[in-house]
2 protein chains.
Amino acid sequence: MASSARRRVLLRDVAEHASVSSATASLVLGGRDVRVSEDTRQRILRAARELDYRPNLMARSLRTQVSSTIGLVADTIITGHYGGDIIRGALTASLEHGHRLLICESEGDPKLEPVLVDDLVARQVDGILFTTASHDAVELPASLGDQRVVLVNCESTPALPSVVPDEVEGGRAAARLLTDAGHRDGIVLVGETLARKLPAQRRLQGLLDVLAAADTDFADRIDCPWWPEAAFDALTAALAAGLRPRALVCLNDRVALGAYQALAAAGLSVPGDVSVVSFDDSELASWLRPALSTIGLPEFEMGRTAVDLLLGSDPPSGVVRLPMPVRERASIAPPSSR
Amino acid sequence: MASSARRRVLLRDVAEHASVSSATASLVLGGRDVRVSEDTRQRILRAARELDYRPNLMARSLRTQVSSTIGLVADTIITGHYGGDIIRGALTASLEHGHRLLICESEGDPKLEPVLVDDLVARQVDGILFTTASHDAVELPASLGDQRVVLVNCESTPALPSVVPDEVEGGRAAARLLTDAGHRDGIVLVGETLARKLPAQRRLQGLLDVLAAADTDFADRIDCPWWPEAAFDALTAALAAGLRPRALVCLNDRVALGAYQALAAAGLSVPGDVSVVSFDDSELASWLRPALSTIGLPEFEMGRTAVDLLLGSDPPSGVVRLPMPVRERASIAPPSSR
DNA sequence: TTGAAAGCGCTACCAT
DNA sequence: ATGGTAGCGCTTTCAA
């Protein structure tokens with residue numbers, strides 16, 4: 001409606017149009033409309049509507065010292081499926097809080113991190129979310145200073161508030177899926193468990209917990225990077241060397257994909273000959289045949305929770321461990337009676 | 001170093017510390033340091049460093065009417081792998097331009113779109129990127145008004161500046177992969193080609209171009225949604241009905257996954273019995289065995305190009321079609337001499 | 001119940 | 001070469 005050449009309409013214009021001061025106009029348009037007569041209130045509202053007034057949020061922020069913006073710095077989380085749902089969760093929660101997300105990627109460049117953080121601070125964000133694609137321990141840029149910050153999918157020492165998956169309990173759940181189906185023998189772990197990899201260590205701990213409680217243990221462990229090809233190669237070699245697993249615990253879905261391929265190549269069926277359980281619940285898990293039973297990453301909830309914490313009234317603290325959802329599908333069966 | 005309880009240091013403080021006016025301080029700290037003596041310049045720089053001065057970008061923006069922020073509204077692009085690289089491309093380019101990205105997701109809710117756009121405008125973004133997960137024609141919220149905007153992976157009428165994949169040429173490339181390998185007979189298309197789906201129509205057009213030029217055509221077309229399970233079911237049924245394809249053109253990688261599974265179930269090998277070519281170049285493509293030859297989506301470049309256009313000196317116009325990269329892997333072989 | 005005026009922290013104009 | 005000062009568009013005392 002409004003001619004596009006016209007200059008932006010200001011609060012002052014609305015006030016003038018309604019024959020009030022801009023102070024009063026600000027009051028009612030800001031929703032803090034105590035102490036103003038119903039009549040003037042309506043006049044102002046109507047004027048704003050007629051002129052199609054849009055407040056300049058920068059000006060407001062400068063005055064109020066609140067930007068209703070939160071900064072999110074990720075290492076490389078938006079790539080390759082991982083982490084995308086963290087952002088969606090954060091986006092959803094931000095929207096509910098009336099905030100917007102300023103997103104940066106450091107591309108894993110440690111030089112870039114403080115630069116990005118500085119810039120966000122300069123832009124007056126109300127808080128910062130710091131997140132990584134894979135659950136990890138991180139060094140934080142000193143420039144984070146006394147900003148309000150919560151870590152997502154990573155942890156730091158000294159401990160800053162953070163939200164991560166409850167990997168230990170996830171590990172337990174995975175093992176339970178197998179033991180509940182009756183598995184005790186020939187359970188083999190696929191995927192390396194490096195000491196510095198938090199998810200590996202914790203999933204393993206949970207797995208061993210439950211296995212031990214069922215009076216058993218892994219029959220074998222196959223060490224390989226968490227990728228399909230590496231898992232295929234390693235498992236194929238192990239199979240060729242005579243390994244005859246009854247159940248596989250894959251440390252993520254990519255590994256499970258490689259395992260499926262190796263099993264198929266060796267003429268072994270899932271779950272008839274070998275049961276498979278995994279972690280992550282990526283899209284892949286539901287696409288595989290048979291569909292993969294897997295312990296999911298609560299990414300969406302992590303993003304959402306982090307924002308709630310960041311924007312909550314009491315300053316966040318401690319590490320919040322979110323439950324990993326159990327997705328039972330078709331890759332687990334009782335051990336065959338061979 | 002600085003005590004965290006101290007109030008933020010202002011330009012005024014730096015100026016005072018260096019015994020100059022804030023006008024002069026602004027000049028040198030803003031990098032527009034003509035007309036100022038080297039001596040004072042150094043004094044100001046040192047003062048800023050000592051006090052750890054960080055300019056308040058909101059204040060600057062309010063004054064200069066430039067926020068160095070660009071808004072990106074997506075439907076649901078950050079989910080499920082698709083579209084993530086568009087954002088990474090946009091992020092990278094924004095960084096180079098000294099801009100930051102304000103990201104929103106409308107979750108496909110048409111009610112939300114104008115709200116988000118309005119909010120971005122209110123936040124004084126320098127421009128808006130409008131993008132969708134799947135290449136499509138879109139209605140734009142009227143509130144986009146006279147904002148500077150470029151569409152990514154979608155198109156509108158009347159045509160706004162937009163950047164999309166060159167699907168027709170991509171279709172040609174896919175067909176060429178097959179004809180170059182010697183295929184003429186038993187080429188079948190897998191995946192539905194709805195009239196309103198831009199990528200389907202255009203890929204098909206390119207495919208038919210090249211096939212016709214090679215004096216052939218699809219031997220059959222299998223209509224199914226672009227998902228693994230649907231493709232598996234449809235192809236399995238076709239195979240059971242006696243179809244004996246020599247080559248498959250799958251309209252995306254998910255369909256190709258379903259096709260691989262159906263082929264394997266029917267005892268057919270790739271590429272020995274059947275060659276397969278696909279579109280998208282998702283991670284999946286390189287994980288499949290044999291690795292899938294596929295025509296990639298230039299997502300990263302789309303994001304990057306869109307930002308360059310948006311921030312370029314001359315106002316963007318027209319639709320830019322970016323080449324789809326050809327990823328030759330191991331799923332295509334000459335037709336077997338059966 | 002309302003309005004005048006003083007800022008938020010910065011940049012840009014016009015003096016000197 | 002430098003400084004005083006007037007805004008950017010809003011909110012928030014404080015006085016009327």
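Quick caveat, the model's predicted, so the values are computed rather than measured.
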Next on the checklist: Testing the basics here: between B/Glu105 and B/Asp75, what is the closest heavy-atom pair and its distance to 0.1 Å?
Outcome noted: CG-O, 3.8 Å
Checklist outcome for this item: Paired with A/His17, the side chain to side chain donor-acceptor pair (under 3.5 Å) test is passed by just one of A/Glu50, A/Arg46, A/Arg43, namely A/Glu50
Item to check | Contact under 4.0 Å: A/Ser26 side-chain N or O vs D/dC10 OP1/OP2 | outcome: no
Checklist entry - In chain order, what residues pass the salt bridge (charged side-chain N to carboxylate O under 4.0 Å, His left out) check against B/Arg12, with sequence neighbours excluded? => result none
Checklist entry - What is the distance from CD of B/Glu16 to C1' of D/dG4, rounded to the nearest Å? => result 15 Å
Checklist entry - Strictly by modelled atom types, are A/Arg60 and A/Ser68 linked by a side-chain donor-acceptor pair under 3.5 Å? => result no
Item to check | Residue-phosphate contact under 4.0 Å: B/Ser21 side-chain N/O, D/dG4 OP1/OP2 | outcome: no
Checklist entry - For B/Glu139, does the CD atom sit with more than 12 other heavy atoms under 6.0 Å from it, leaving out its own atoms? => result no
Next on the checklist: Within the 4.0 Å heavy-atom criterion, would you say A/Leu10 contacts the bases, only the backbone, or no part of the nucleic acid?
Outcome noted: sugar-phosphate
Below 3.5 Å is the cut-off: list the nitrogen or oxygen pairs between protein and nucleotides 14-16 of chain D, distance only.
none

Item to check | Minimal non-hydrogen separation, B/Thr131 against B/Leu72, with atom names | outcome: CG2-CD1, 3.2 Å
Next on the checklist: Side-chain N or O of A/Ser22 versus OP1/OP2 of C/dG3: is the shortest distance under 4.0 Å?
Outcome noted: no
Next on the checklist: Short of 4.0 Å, heavy atom to strand atom, which residues of residues 57-68 of chain A count as contacting DNA chain C?
Outcome noted: A/Leu62, A/Arg63, A/Gln65
Next on the checklist: Under a plain distance cut-off of 3.5 Å, with no hydrogens placed, do B/Thr132 and B/Asn153 share a side-chain donor-acceptor pair?
Outcome noted: no
Item to check | Working for side-chain contact (heavy atoms from CB on, under 4.5 Å), residues B/Gln124 and B/Ser61 | outcome: CA-CA 9 Å; B/Gln124 313 296 111; B/Ser61 296; over 6 Å; no
Next on the checklist: Walk me through whether B/Asn56 and A/Leu62 qualify under side-chain contact (heavy atoms from CB on, under 4.5 Å).
Outcome noted: CA-CA 9 Å; B/Asn56 180 327; A/Leu62 178 59; 4.2 Å; yes
Item to check | Minimum-distance nucleotide to A/Ala23 side chain [options: C/dT11, C/dG3, D/dT2] | outcome: C/dG3
Checklist entry - Does A/Tyr53 put a side-chain nitrogen or oxygen below 4.0 Å from OP1 or OP2 of D/dG9? => result no
Next on the checklist: Between B/Thr40 and D/dT2, is there a contact of a side-chain N or O with OP1 or OP2 at under 4.0 Å?
Outcome noted: yes
Checklist entry - Whole-Å distance between C/dT11 C1' and B/Leu11 CG? => result 9 Å
